[in-house]
Amino acid sequence: MASGLLAGCSSGSSESESTPESADSYTASMEPMGPVTFDGPPEGWVALLPSYADMGMALDAGQTLGIQLPYRYATEFYEELPGVEYDPDAVTTLYQDGVDKELFYEMDADVHFMEPNQLRNWYDWDDRDIREVKENIGPFFGNFIRRRSDDWHDYPYYSLYGAFEKIAQVFDREQRYQQFASFHEEFLTNLQERLPETTPEAALLYPADKTPETFYPYQLYDGGVGKKHWRDLRLRDAFEGTDVGHYSGNTSLKVDFETLLDIDPDVLLVRGQVEKDQATFEETIVDSLRNNPVASELTAVQNDVVYRGGYLDQGPIINPFQTEAAAQRIYSDEFSEETVFDRQRVADIITGST
């Protein structure tokens, strides 16, 4: 089998959904893999991270066979889209004290939406492991787009929609990609027209402790899909112009309350809270800040503008939901609990009803 040569259409779809836009073989190309040839849309596929799993869902190409960590995948948003279904019981958890190569044989996917360097750098796979999966099961196709700060990522990155277009090419569903791109452009235009001229300074943080007294700091404008919704809301980065570094797996890089008080952001955004409901977040994070003699002096704490930082990974479906939720919190006077985009329109694009 040639590299990336696949066959078939998604099972369980209607005739109009499963018919490819072209009958001949075709090639899609993405760094760092290069060109991969397909003889039809993949029947079964697996995404390591939710950004790519969400892209497959957006294209109505079925759902991923596995995911790194299910709790980091915001599938609850699919429940708001009429006609869009997701079965969590049919998805393999890939991370189990590492990612076992045998899981790839069990899933037997036609294509793996992840880049090999993630497996090499995160899970100690070697070139032989990569070659074995590629030759015996199916090719890799992906680019780590969550952030742009890893030393090993010395080749081009993609924006959310840049990567989404590549995945649409794999599934031969570029028309559906174009519909999503149009929706996304209109959504952002309508949203940003209503933003205030001066937006707040925000500090994006990840707790370094269970009851946090130190945090890992993130920069908002260094690129990466994981912070797209905050940039789209035009928040100003509280760490810009300071000597605070950017966290990218280096656990020695932390900020304490004294450093935060010197910067004194308007808003605190705390990542890593997706498993908690609002009451638990208030109890474990917000109350601990209120009860700390230094943290309680922070403007964001005194004004009660400490929010959850959202999911680390997002695709074309999850992103507008995250952006809407963030707008309702950050700009509550303007958006409050308003629904900022049309769920039915998104559902219609996914299901091909437009």
Undergrad: Taking the hydrophobic residues Ile, Leu, Val, Met, Phe, Trp and Tyr, and joining any pair whose side-chain heavy atoms are under 4.5 Å apart, which ones share a cluster with L312?
TA: none
Undergrad: Mind checking whether I67 and V274 sit in one hydrophobic cluster, side chains of I, L, V, M, F, W, Y counted as touching below 4.5 Å?
TA: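 Hydrophobic grouping puts I67 with V274.
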Undergrad: Report the C-alpha separation of W125 and V133 in whole Å, then their side-chain angles, then the decisive distance to 0.1 Å, and conclude whether the side-chain contact (heavy atoms from CB on, under 4.5 Å) test is met.
TA: CA-CA 11 Å; W125 284 39; V133 169; 3.8 Å; yes
Undergrad: Holding to salt bridge (charged side-chain N to carboxylate O under 4.0 Å, His left out), I want the full list of residues that pass it with D129, two or more places apart in sequence or in another chain.
TA: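 Partners of D129 under the salt bridge (charged side-chain N to carboxylate O under 4.0 Å, His left out) test: K101.
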Undergrad: Any sub-3.5 Å donor-acceptor pair from Q344's side-chain atoms to P82's backbone N or O?
TA: no
Undergrad: Test of understanding: with side-chain hydrogen bond (donor to acceptor under 3.5 Å, both in side chains), list the residues that count as partners of Q169, not counting sequence neighbours.
TA: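 In terms of side-chain hydrogen bond (donor to acceptor under 3.5 Å, both in side chains), with neighbours along the sequence ignored, Q169 is linked to no residue.
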Undergrad: What pairs with Q118 under side-chain hydrogen bond (donor to acceptor under 3.5 Å, both in side chains), at least two apart in sequence or on another chain?
TA: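 Checked Q118 against side-chain hydrogen bond (donor to acceptor under 3.5 Å, both in side chains); zero matches.
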Undergrad: Under 3.5 Å, is there a donor-acceptor pair between the side chain of S332 and the main chain of Q328?
TA: no
Undergrad: Do S296 side-chain atoms and N291 backbone N/O form a donor-acceptor pair below 3.5 Å?
TA: no
Undergrad: Testing the basics here: between P316 and Y161, what is the closest heavy-atom pair and its distance to 0.1 Å?
TA: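 Result for this residue pair: CB-OH, 3.7 Å.
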Undergrad: Look at the side-chain heavy atoms of Ile, Leu, Val, Met, Phe, Trp and Tyr, link any pair under 4.5 Å apart, and say whether Y157 and M114 land in one connected group.
TA: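 Cluster IDs for Y157 and M114 differ.
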Undergrad: Please walk me through it: do D313 and R146 pass salt bridge (charged side-chain N to carboxylate O under 4.0 Å, His left out)?
TA: CA-CA 6 Å; D313 297 285; R146 177 195 294 164; 2.8 Å; yes
Undergrad: Given Y73, which partner from the list Y52, Y86, Y95 fulfils the ring-ring contact (aromatic ring centres under 6.0 Å, His included) test?
TA: Y86
Undergrad: So does F140 get a backbone contact from the side chain of K134, meaning a donor-acceptor N/O pair under 3.5 Å?
TA: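 Side chain of K134 to backbone of F140: no pair is present.
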Undergrad: Sequence neighbours excluded, which residues qualify as salt bridge (charged side-chain N to carboxylate O under 4.0 Å, His left out) partners of R343?
TA: E80, E324
Undergrad: Test your reading of the model: is there a side-chain donor-acceptor pair from W45 to the backbone of A61, 3.5 Å cut-off?
TA: yes
Undergrad: Is the number of heavy atoms from other residues, nucleotides or ligands within 6.0 Å of CD (E85) greater than 12?
TA: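 Count not over threshold, so no.
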Undergrad: Is it true that Y123 and Q68 share a donor-acceptor pair across their side chains at a distance under 3.5 Å?
TA: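 The answer is yes; a qualifying pair exists.
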Undergrad: Within the structure provided, determine whether V91 and D87 are in side-chain contact (heavy-atom separation under 4.5 Å).
TA: no
Undergrad: Just by distance, with hydrogens left out, do N121 and H153 show a side-chain donor and acceptor under 3.5 Å apart?
TA: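 Absent: no donor and acceptor within the cut-off.
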Undergrad: Tell me, with the steps shown, if L195 and E334 meet side-chain contact (heavy atoms from CB on, under 4.5 Å).
TA: CA-CA 8 Å; L195 298 181; E334 175 65 31; over 6 Å; no
Undergrad: Are P212 and S288 close enough that some pair of their side-chain heavy atoms sits under 4.5 Å apart?
TA: yes
Undergrad: Which pair of non-hydrogen atoms, one from P265 and one from A238, has the smallest distance, and what is that distance?
TA: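 Smallest heavy-atom distance, with atoms named: CB-CB, 3.8 Å.
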Undergrad: Which atoms form the tightest heavy-atom contact between L81 and F321, and what is the distance?
TA: CD2-CZ, 4.0 Å
Undergrad: Does a donor on one side chain and an acceptor on the other come within less than 3.5 Å for T214 and D209?
TA: yes
Undergrad: Please check if the side chain of D54 supplies one atom and the backbone of Q314 the other of a donor-acceptor pair under 3.5 Å.
TA: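 Here the side-chain-to-backbone pair does not exist.
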Undergrad: At their closest point, which heavy atom of A58 faces which heavy atom of R176, and how far apart are they?
TA: O-CD, 3.9 Å
Undergrad: Any non-hydrogen side-chain atom of L235 less than 4.5 Å from a side-chain atom of I330?
TA: yes
Undergrad: Pick from R231, K227, R147, K228: which one makes a salt bridge (Lys or Arg N to Asp or Glu O under 4.0 Å) with D222?
TA: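 Single pass found, and it is K227.
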Undergrad: E102: what forms a side chain to side chain contact (heavy atoms under 4.5 Å, CB included) with it, not counting sequence neighbours?
TA: D100, Y105
Undergrad: Which pair of heavy atoms, one from G315 and one from L160, lies closest together, and at what distance?
TA: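 Scanning both residues completely, I find the closest heavy atoms to be CA-CD1, 3.7 Å.
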Undergrad: Please name the pair of heavy atoms, one in A326 and one in W230, separated by the smallest distance, quoted to 0.1 Å.
TA: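 Looks like CB-CZ3, 3.4 Å.
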Undergrad: Would the distance check show the side chain of N292 and the main-chain N or O of A295 forming a donor-acceptor pair, the cut-off being under 3.5 Å?
TA: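 Judged by distance alone, yes, a pair lies under 3.5 Å.
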Undergrad: Under 3.5 Å, is there a donor on one side chain and an acceptor on the other for T280 and D277?
TA: yes
Undergrad: For the residue pair K276 and T284, establish whether any side-chain heavy-atom pair is separated by less than 4.5 Å.
TA: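 Yes, their side chains come closer than 4.5 Å.
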Undergrad: With sequence neighbours left out, what residues match D237 under side-chain hydrogen bond (donor to acceptor under 3.5 Å, both in side chains)?
TA: none
Undergrad: Starting from F215, walk the hydrophobic network (Ile, Leu, Val, Met, Phe, Trp, Tyr; side-chain heavy atoms closer than 4.5 Å) and list everyone else you reach, by chain and number.
TA: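 Members other than F215 - counting any ILVMFWY side chain reachable under 4.5 Å - are L205, F239, V244, V255, F257, L260, L261, I263, L268, V270, F281, I285, V286, L289, V294, L298, V301, V306.
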Undergrad: Tell me every residue that passes side chain to side chain contact (heavy atoms under 4.5 Å, CB included) with F183, counting only those two or more places apart in sequence or in another chain.
TA: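 Per chain and number, F183 pairs via side chain to side chain contact (heavy atoms under 4.5 Å, CB included) with F180, F187, P320, F341, R345, V346, I349.
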Undergrad: Which residues pass the side-chain hydrogen bond (donor to acceptor under 3.5 Å, both in side chains) test with T299, not counting sequence neighbours?
TA: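 side-chain hydrogen bond (donor to acceptor under 3.5 Å, both in side chains) check on T299 returns D264.
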Undergrad: Tell me whether N190 contacts the main-chain N or O of E186 through its side chain, where contact means a donor paired with an acceptor under 3.5 Å.
TA: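 Between the backbone of E186 and the side chain of N190 there is a qualifying donor-acceptor contact (under 3.5 Å).
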Undergrad: What residues form a salt bridge (charged side-chain N to carboxylate O under 4.0 Å, His left out) with R72, not counting sequence neighbours?
TA: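 Listed in chain order: nothing, the list is empty.
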Undergrad: Tell me if a side-chain donor or acceptor on E31 pairs with a main-chain N or O of P156 at a distance below 3.5 Å.
TA: no
Undergrad: Take E282 and R290 through the test salt bridge (charged side-chain N to carboxylate O under 4.0 Å, His left out) and record every step on the way to the result.
TA: CA-CA 10 Å; E282 290 277 344; R290 291 170 178 154; 3.7 Å; yes
Undergrad: Ignoring hydrogens and geometry, is there a side-chain-to-backbone donor-acceptor pair from D266 to P200 under 3.5 Å?
TA: no
Undergrad: Mind checking whether W122 and W152 have parallel, tilted or perpendicular rings, split at 30° and 60°?
TA: perpendicular
Undergrad: Which residues pass the ring-ring contact (aromatic ring centres under 6.0 Å, His included) test with H229, sequence neighbours left out?
TA: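 Partners of H229 by the ring-ring contact (aromatic ring centres under 6.0 Å, His included) criterion come out as none, since no residue qualifies.
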